[in-house]
Protein chains: 2
Amino acid sequence: MAIEHAILVSLLERPGSGYELARRFERSIGYFWTATHQQIYRVLKRMENDGWVEALVVPQHGRPDKKQYSVADLGRAALTSWLHDPIEPETVRHDLAVKIRGAAFDDPSALIREVERHRQAHADRLAHYLAGEERDFGRRTDSGPYGPDDAERELQHAVLRGGIAYERMMIAWLDDVLATLHRFRDDHFRDDRFRADAPSADPSSADRAAR
Amino acid sequence: MAIEHAILVSLLERPGSGYELARRFERSIGYFWTATHQQIYRVLKRMENDGWVEALVVPQHGRPDKKQYSVADLGRAALTSWLHDPIEPETVRHDLAVKIRGAAFDDPSALIREVERHRQAHADRLAHYLAGEERDFGRRTDSGPYGPDDAERELQHAVLRGGIAYERMMIAWLDDVLATLHRFRDDHFRDDRFRADAPSADPSSADRAAR
DNA sequence: TCCTGCTATGCAACTTGTTGCATAAGCAAG
DNA sequence: CTTGCTTATGCAACAAGTTGCATAGCAGGA
């Protein structure tokens with residue numbers, strides 16, 4: 001009961017086909033809301049039946065026709081209603097945190113590579129965000145008073161800043177976790193049950209995406 | 001295909017009934033992995049059939065019997081296997097971020113209260129985490145070398161530090177978002193379509209959970 | 001005394017989300 | 001000229017998660 005709203009917002013920002021939406025859900029929007037193309041097509045069809053969106057069939061050169069969706073009045077009303085609804089439970093699922101706690105019942109140092117991989121993924125995403133920020137919000141061209149068109153831009157930037165803050169936090173925390181895991185392996189933790197077989201180099205504070 | 005692992009970790013840390021697990025999923029573990037009691041009971045039953053956990057029926061005074069679950073060898077093996085599996089897609093869903101971007105197509109200042117509510121929830125959770133940290137990890141009693149029993153404790157602390165970092169980041173970001181929303185309302189953003197009717201006081205940097 | 005809330009477990013129905021597969025045409029590389 | 005990638009949409013089956021309800025006894029307050 002919420003993917004609809006993510007789609008509405010995306011279509012209000014720019015109309016597009018199901019396929020284009022699916023690609024957006026792999027990039028910008030997808031970083032704080034995931035959805036596969038199957039789900040998008042299904043929900044889009046339901047939204048069309050409910051009159052939330054309107055489809056315009058665009059014939060194309062050779063390729064199959066695409067349906068260009070845009071938000072109808074009913075959809076806009078539904079979004080407004082949702083925006084004013086105070087609900088929001090905030091459900092989180094961090095596999096990695098489960099793994100870290102679970103590592104206590106296995107060889108903790110076996111998790112080092114996994115955590116490093118995740119750290120790398122977050123560093124990559126951070127770099128991507130920062131590049132996007134520079135590109136889209138580099139310098140304010142007009143520093144005059146805000147108009148209604150600036151709201152979209154400003155709010156997108158605010159969400160992007162959230163993504164940047166999140167990735168920075170994750171990188172710092174994963175460095176913390178890595179330090180903890182290394183401490184077990186290197187100095188103190190010795191247990192017959194486990195043995196560290198691959199002494200990987202310490203990556204402590206090697207790189208750190210700055211700005 | 002992952003709630004099983006959260007349950008295994010929780011049961012390894014301490015055996016318990018389905019009900020107790022459900023309560024843990026409202027507290028400690030629940031902050032990075034949500035699950036309702038229905039889900040837990042169902043999964044627990046499947047895990048018992050698969051030989052991952054063993055149930056010991058404990059008769060109680062008057063109340064219905066409870067089943068004390070503990071992890072069996074097969075379950076431990078399953079956990080180990082999962083821990084060594086390098087998968088991890090990291091799927092995130094932030095309703096609030098969708099709302100913030102959606103606010104561009106409604107009155108942005110109408111979202112202020114909602115964001116404030118979320119900020120409060122994160123501040124509360126942070127306070128709860130910090131209290132738990134002080135209670136459980138206040139001062140190291142033994143500063144000697146690590147034994148295998150310390151791994152559990154240390155890794156739980158590392159995960160808790162992640163939760164603390166997350167809440168701090170969220171509070172800072174929501175303050176950022178609030179500042180953006182206030183800018184629209186107070187000074188620059190004037191649009192016939194919307195009007196701010198309730199001039200709520202500016203909560204900028206009123207409180208800030210420190211440490 | 002009745003009403004609410006807590007412990008404790010569970011079924012049934014429903015909604016969401018995932019995975020596998022199918023179609024179909026163009027375009028580029030080998 | 002065949003193989004694989006990209007655009008573009010969709011069905012069907014399955015897995016996971018949510019919601020509503022039911023049971024049942026005991027404890028504490030109105």
Side-chain angles (χ1 to χ4, degrees), chain A residues 1-7 11 15-27 29-30 32-50 53 55-69 82 87-95 98, chain B residues 1-8 10-11 15-27 29-30 32-50 53 55-69 82 87-95 98:
Chain A
M1 275 291 199
I3 246 200
E4 289 90 333
H5 304 114
I7 288 174
L11 286 181
S17 68
Y19 187 81
E20 282 170 333
L21 278 171
R23 298 234 319 214
R24 288 185 215 170
F25 274 86
E26 284 165 9
R27 301 185 295 104
I29 313 165
F32 51 88
W33 198 280
T34 47
T36 61
H37 70 118
Q38 299 300 343
Q39 221 183 317
I40 290 166
Y41 282 124
R42 215 197 317 173
V43 171
L44 226 33
K45 183 158 280 179
R46 189 174 67 226
M47 288 168 82
E48 196 185 355
N49 287 336
D50 293 351
V53 295
L56 177 74
V57 177
V58 180
Q60 294 197 126
H61 44 289
R63 299 188 190 162
D65 298 352
K66 74 171 176 182
K67 290 189 195 167
Q68 186 86 7
Y69 286 97
W82 177 67
I87 49 140
E88 286 304 289
E90 185 91 20
T91 167
V92 187
R93 259 148 211 216
H94 289 294
D95 301 66
V98 177
Chain B
M1 274 291 196
I3 247 201
E4 288 90 332
H5 305 114
I7 289 174
L8 285 174
S10 192
L11 286 181
S17 68
Y19 187 81
E20 283 170 333
L21 278 171
R23 298 231 320 209
R24 289 186 214 169
F25 274 87
E26 284 165 11
R27 300 184 295 104
I29 313 164
F32 52 89
W33 199 280
T34 47
T36 60
H37 70 119
Q38 299 301 342
Q39 221 181 319
I40 290 165
Y41 282 124
R42 213 193 321 172
V43 171
L44 226 32
K45 183 157 280 179
R46 190 174 66 226
M47 289 167 82
E48 195 184 356
N49 287 336
D50 293 351
V53 296
L56 178 73
V57 177
V58 181
Q60 295 196 125
H61 44 291
R63 296 185 193 165
D65 297 353
K66 75 172 175 181
K67 291 188 195 167
Q68 186 86 7
Y69 286 97
W82 177 68
I87 48 141
E88 285 305 289
E90 185 90 21
T91 169
V92 187
R93 261 148 210 216
H94 289 296
D95 301 66
V98 176

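The chains referred to below are lettered A, B, ... by the order of the sequence lines, with proteins before strands, and numbering in each begins at 1.
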Item to complete: Can you measure from OG1 (T36(A)) to OH (Y41(A)) and round to the nearest 0.5 angstrom?
Response: 11.0 Å

Discussion item. How long is the straight-line distance from CZ of F25(B) back to CD1 of I3(B), given to the nearest 0.5 Å?
Written reply: 5.5 Å

Fill in: Separation of dT7(D) P from L21(A) CG (nearest whole Å)
14 Å

Item to complete: Can you figure out which of dT7(C), dG17(C), dC11(C) approaches the side chain of Y19(B) most closely?
Response: dT7(C)

Practice prompt. Tell me which nucleotide among dC6(C), dG17(D), dT7(D) gets nearest to the side chain of I3(B).
Written response: dG17(D)

Discussion item. Nearest whole Å is fine: how far is dA22(D) C1' from Y41(B) OH?
Written reply: 14 Å

Practice prompt. Classify the side chain of R42(A) versus the base of dT18(C) as yes if they form a donor-acceptor pair under 3.5 Å and no if they do not.
Written response: yes

Discussion item. What is the separation between atom CZ on R46(B) and atom P on dC11(C), rounded to the nearest whole Å?
Written reply: 14 Å

Worksheet item: In whole Å, what is the span from the CZ atom of R93(A) to the C1' atom of dA15(D)?
Response: 13 Å

Discussion item. Between S17(A) and dT7(D), is there a contact of a side-chain N or O with OP1 or OP2 at under 4.0 Å?
Written reply: no

Worksheet, complete the sentence: Distance col, row E4(B):CD vs I40(B):CD1, nearest 0.5 angstrom, shows 12.0 Å

Item to complete: Evaluate the side-chain contact (heavy atoms from CB on, under 4.5 Å) criterion for residues E20(A) and Q68(A): first the C-alpha distance (whole Å), next the side-chain angles of each, then the deciding distance (0.1 Å), finally the verdict.
Response: CA-CA 9 Å; E20(A) 282 170 333; Q68(A) 186 86 7; 4.3 Å; yes

Worksheet item: Rounded to whole angstrom units, what separation is found between the NZ atom of K67(B) and the P atom of dT9(C)?
Response: 8 Å

Worksheet, complete the sentence: Quick note, Q38(B) side chain, CB onward, closest among dT18(C), dC21(D), dC6(C) is dC21(D)

Worksheet item: What is the distance, rounded to the nearest whole Å, between atom NE2 of H37(A) and atom P of dG20(C)?
Response: 12 Å

Worksheet item: Does the side chain of L8(B) reach to within under 4.5 Å of the side chain of M47(B), using non-hydrogen atoms?
Response: yes

Discussion item. Does T34(B) reach a base, just sugar-phosphate, or nothing at all? Heavy atoms under 4.0 Å.
Written reply: nothing

Worksheet item: Roughly, in whole Å, what's the span from CD in Q68(A) to C1' in dA8(D)?
Response: 13 Å

Item to complete: Figure out the NZ/P separation between K66(B) and dG10(C), and round it to whole Å.
Response: 14 Å

